[in-house]
Amino acid sequence: MTELFSEPEQLKRIAEPLSNRSDIYSLGMTLYVLANNKKFPDQHDVLPEIEEISIELNAILRKVCSYYPGNRYQSAAELRKELLKLMITKYC
């Protein structure tokens, strides 16, 4: 089950070194599974949208769970900023 949260570079599916972006991917996959009624995606290279959540949150999840590390958020602070901005604009 832990493999389902593991980023492609850790599983040696792509030749990239591990970095903080690896941890960000695992956090993103956790958020995806929680937002998707505890269901994992069938594929990991292109994350399917979750119909029950907003377009904006789907975009954040796609970026945080990007197959390629260079396309992910570069820090947890950057991800936090995007989530807070979404929360403020959508729910406050």
| request: Would you confirm whether R72, through its side chain, and K63, through its main-chain N or O, come within 3.5 Å as a donor-acceptor pair? | output: no

Quick check: are there more than 12 heavy atoms from other residues, nucleotides or ligands sitting under 6.0 Å from CG of L34?
-> yes

Name each donor-acceptor pair under 3.5 Å that joins a side chain in residues 81-90 to protein atoms two or more places apart or in another chain, with its distance.
residue : atom : partner : partner atom : Å
T89     : OG1  : K85     : O            : 2.9
T89     : OG1  : L86     : O            : 3.3
K90     : NZ   : E56     : OE1          : 3.4

Across all chains, not counting sequence neighbours, the side chain to side chain contact (heavy atoms under 4.5 Å, CB included) partners of N58 are E49, I50, I53, R62

Output for pair (N36 CG, E51 CD), nearest 0.5 Å, gives 10.0 Å

Residues Y32 and P41: closest non-hydrogen pair is CE2-CD, 3.6 Å

Nearest heavy-atom contact between Y73 and I24 is O-CD1, 3.5 Å

All heavy atoms of C65 vs all of G28, minimum pair found to be SG-C, 3.2 Å

| message | Any side-chain to backbone donor/acceptor pair from Y67 onto L47? Under 3.5 Å, distance only. | response | no

key: Residue pair I60 / L79, side-chain heavy-atom distance below 4.5 Å   = yes

Sorted by chain and residue number, the side chain to side chain donor-acceptor pair (under 3.5 Å) partners of E78 (sequence neighbours excluded) come out as none

Nearest heavy-atom approach of S66 to Y25 is O-CD1, 3.7 Å

